[in-house]
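All of these numbers come straight from a predicted model, not from anything done at the bench.
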Amino acid sequence: MTTHGVSVQLDECTHHSSLWFPDGNIVLRAGLVLFKVYKGILAAKCTVFADMLSIPQPAEADTDQPFYGDCPLICLDDEEEEVTAFLILIFDSMSLRNPKWCTFKQALGILRLSHKYDSPLLMNYAVEALDAVVPLTLATFDSTEPPSEFQDSIISLCKLCEDTKSLDWMFPWAAYVAIATVPTSQLSMANINFKEMERLQRFLIFNFISSVSQSSDMCNGQPCHEERFDYISALVQTLATAHLDSILCAVRSHTGEHIQAFITDSPLELHFEFCTSSRICSRCQNAMLDSIQSDREKFWDAIPDALGLISWESLLARRLSWLNKLRNSRKIGM
């Protein structure tokens with residue numbers, strides 16, 4: 001492969017199979033993939049590209065602008081997968097009609113690039129795609145399977161919530177998941193108040209211990225009493241030596257029959273298995289389950305405040321306003 005103007009090493013690059021238009025007039029490079037597309041459409045969808053391409057270009061021999069064939073070449077420092085999804089949305093209008101077209105990771109990439117290159121239409125698409133899988137209530141959290149690849153991308157979502165300043169209703173869930181799945185050393189990249197979230201975690205853990213111990217709704221039967229006492233003893237002993245930034249702390253039941261995962265970084269996943277143990281009577285089971293669910297709801301409601309955000313009610317109102325605006329803009333754009 002040869003270029004005109006400045007020499008660029010492109011021998012290892014390949015043409016994208018569907019984003020290489022023979023009559024295109026600009027070539028973009030991301031990683032080892034080349035995309036031949038149209039300046040006019042690119043500029044119409046992205047303000048940054050519009051500004052860049054509006055600058056008069058000198059003749060090839062008098063410029064440092066690299067060329068690929070007869071087309072200007074722009075080398076992007078973005079990942080090929082993100083650029084591919086981004087350009088598909090720009091040059092395939094049918095994709096914009098289906099928010100479920102892309103994966104969670106691709107939607108994050110589209111959101112990042114639409115923010116970077118100032119493309120409101122594509123940002124609206126990415127927001128709607130992400131909004132469809134981000135739980136905003138505890139009931140939805142309990143009933144929704146996490147999106148695929150979310151663990152590898154959750155810090156990116158946290159950072160985008162911070163950068164865009166308009167997606168804060170997604171930040172509580174993203175921050176909670178990040179704390180549960182990402183090493184503490186990486187949390188500073190996402191502007192997460194780990195200390196305050198840690199305080200909330202302790203609150204739920206302590207309340208869990210209290211709910212398992214004794215209440216007026218529990219029986220005083222010897223078997224239930226002994227089971228709860230032995231379990232709490234093992235739990236307290238484990239917590240005394242565990243670090244809250246570890247993802248899983250294994251707690252062995254006193255019978256030694258099985259290991260129960262006590263998720264200190266994921267307190268919403270507390271021990272429902274123990275509360276339904278066959279060695280606990282139904283009265284005690286119901287009392288503990290009610291208490292735990294009440295504490296989980298308090299924890300969920302407190303997450304926005306722990307992160308320095310407005311209340312859930314205000315976040316949901318902001319989300320509804322944003323979605324109404326973006327859906328209207330999509331209709332106009334179509």
Is there a donor-acceptor contact under 3.5 Å from the side chain of [X] to the main chain of [Y]?
X: Ser143; Y: Ala139; answer: yes
X: Asp78; Y: Val83; answer: no
X: Arg29; Y: Gly31; answer: yes
X: Lys36; Y: Asp23; answer: no

Check: [Y] and [X] side chains under 4.5 Å, non-hydrogen atoms:
X: Leu316; Y: Leu320; result: no
X: Ile155; Y: Lys159; result: yes
X: Trp20; Y: Val27; result: yes
X: Cys46; Y: Phe86; result: yes
X: Phe171; Y: Leu315; result: no
X: Asp163; Y: Arg112; result: no
X: Asp131; Y: Leu136; result: yes
X: Lys45; Y: Leu89; result: no

Where do Asp77 and Lys116 land on the salt bridge (charged side-chain N to carboxylate O under 4.0 Å, His left out) test, with the steps shown first?
-> CA-CA 11 Å; Asp77 59 357; Lys116 177 178 179 179; 2.7 Å; yes

Taking the six-membered ring for Trp, are Trp173 and Phe104 parallel (under 30°), tilted (30 to 60°) or perpendicular (over 60°)?
->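 Ring orientation of Trp173 relative to Phe104: perpendicular.
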
For the residue pair Phe21 and Phe91, categorise the inter-ring angle as parallel (less than 30°), tilted (30 to 60°) or perpendicular (more than 60°).
->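 The arrangement is tilted - the two ring planes meet at 30° to 60°.
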
For residues 301-313, please give each side-chain donor-acceptor pair under 3.5 Å, one per line with the distance, not counting sequence neighbours.
{"residue": "Ser311", "atom": "OG", "partner": "Ser314", "partner atom": "N", "Å": "3.3"}
{"residue": "Ser311", "atom": "OG", "partner": "Ser314", "partner atom": "OG", "Å": "3.2"}
{"residue": "Trp312", "atom": "NE1", "partner": "Trp300", "partner atom": "O", "Å": "2.8"}

To the nearest 0.5 Å, how far apart are CD1 in Ile90 and CG in Asp92?
->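 That separation rounds to 11.5 Å.
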
Rounded to the nearest 0.5 Å, what's the gap from CG on Asn124 to CG on Leu323? Could you check?
->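 Asn124 CG to Leu323 CG: 9.5 Å, rounded to 0.5 Å.
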
Can you list the residues that meet the side chain to side chain contact (heavy atoms under 4.5 Å, CB included) rule with His16, with sequence neighbours excluded?
->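 His16: side chain to side chain contact (heavy atoms under 4.5 Å, CB included) contacts with Ser18, Leu19, Val33, Phe35, Glu80, Thr84.
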
Please assess Ser156 against Ser153 for the test side chain to side chain donor-acceptor pair (under 3.5 Å), listing each intermediate value before the final yes or no.
-> CA-CA 5 Å; Ser156 296; Ser153 309; 5.8 Å; no

Nearest heavy-atom neighbours spanning Cys281 and Cys219 |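 Heavy atoms of Cys281 and Cys219 come nearest at SG-SG, 3.7 Å.
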
Where is the tightest heavy-atom contact between Asn25 and Lys39, given as atom of each residue plus distance?
->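 Heavy atoms of Asn25 and Lys39 come nearest at OD1-N, 2.7 Å.
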
Can you tell which of Val48, Thr47, Leu42 makes a side chain to side chain contact (heavy atoms under 4.5 Å, CB included) with Tyr117?
->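 Between Tyr117 and the candidates, side chain to side chain contact (heavy atoms under 4.5 Å, CB included) is satisfied uniquely by Val48.
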
Salt bridge (charged side-chain N to carboxylate O under 4.0 Å, His left out) partners of residues 167-182, not counting sequence neighbours, each pair once =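 Only Asp168-Arg318 qualify under salt bridge (charged side-chain N to carboxylate O under 4.0 Å, His left out).
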
